[in-house]
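As the structure is a computational prediction, the values presented were derived from the model and not from experiment.
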Amino acid sequence: MKKKLKQKNQSKPKKEEAAVTLKDMINPELIKQLKEQQDQLKAAEERKRAEEEQRKREERRLKEKNKSFEELLNESGMNWKEFK
């Protein structure tokens, strides 16, 4: 039994030595640069999304503005035959 206990105790320090992670090995300055680049990409993506939304809004507004009387009448929910 003593042999088994000794073997179990010996394997634990190896795990602690192998606990060095990739984050520990990477230069902190490189991590900072990558995070800044990630923030810049997110901001650019958000700006692009906002511009696209604005463009679609403007397109809908122009389309609504240029509708003919017939299109407006057809879209109306009222029954115009009742008003004859």
Please name all residues satisfying side chain to side chain contact (heavy atoms under 4.5 Å, CB included) with E70, sequence neighbours left out, ordered by chain then number.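 Partners of E70 by the side chain to side chain contact (heavy atoms under 4.5 Å, CB included) criterion, ordered by chain and then number, come out as S68, N74.
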
Show, in sequence, the C-alpha distance, side-chain angles and deciding distance for E58 and R61, and conclude whether the salt bridge (charged side-chain N to carboxylate O under 4.0 Å, His left out) test is met. CA-CA 5 Å; E58 182 66 20; R61 186 186 69 79; 2.6 Å; yes

Working to the nearest 0.5 angstrom, can you tell me the gap between [X] [atom1] and [Y] [atom2]?
X	Y	atom1	atom2	answer
N27	Q33	CG	CD	8.0 Å
T21	I26	OG1	CD1	8.5 Å
E71	E64	CD	CD	9.5 Å

Taking NZ, NE, NH1 and NH2 as the nitrogens, is one of them in E52 or R55 under 4.0 Å from a carboxylate oxygen of the other?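 R55 and E52: salt-bridged.
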
Sort out for me which residue in R49, K42, R47 forms a salt bridge (Lys or Arg N to Asp or Glu O under 4.0 Å) with E45.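 Going through R49, K42, R47 one by one, the salt bridge (Lys or Arg N to Asp or Glu O under 4.0 Å) with E45 is satisfied by R49 alone.
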
If two hydrophobic side chains count as joined below 4.5 Å and joins carry through other members, does M25 share a cluster with L30?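 Yes, M25 connects to L30 through the hydrophobic network.
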
Any chance CD of Q37 has more than 12 other-residue heavy atoms, nucleotides or ligands included, within less than 6.0 Å?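 Not buried by this count: 12 neighbours or fewer within 6.0 Å.
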
Would you say CD of E75 has more than 12 non-hydrogen atoms from neighbouring residues, nucleotides or ligands within 6.0 angstrom?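 Check passes, neighbour count above 12.
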
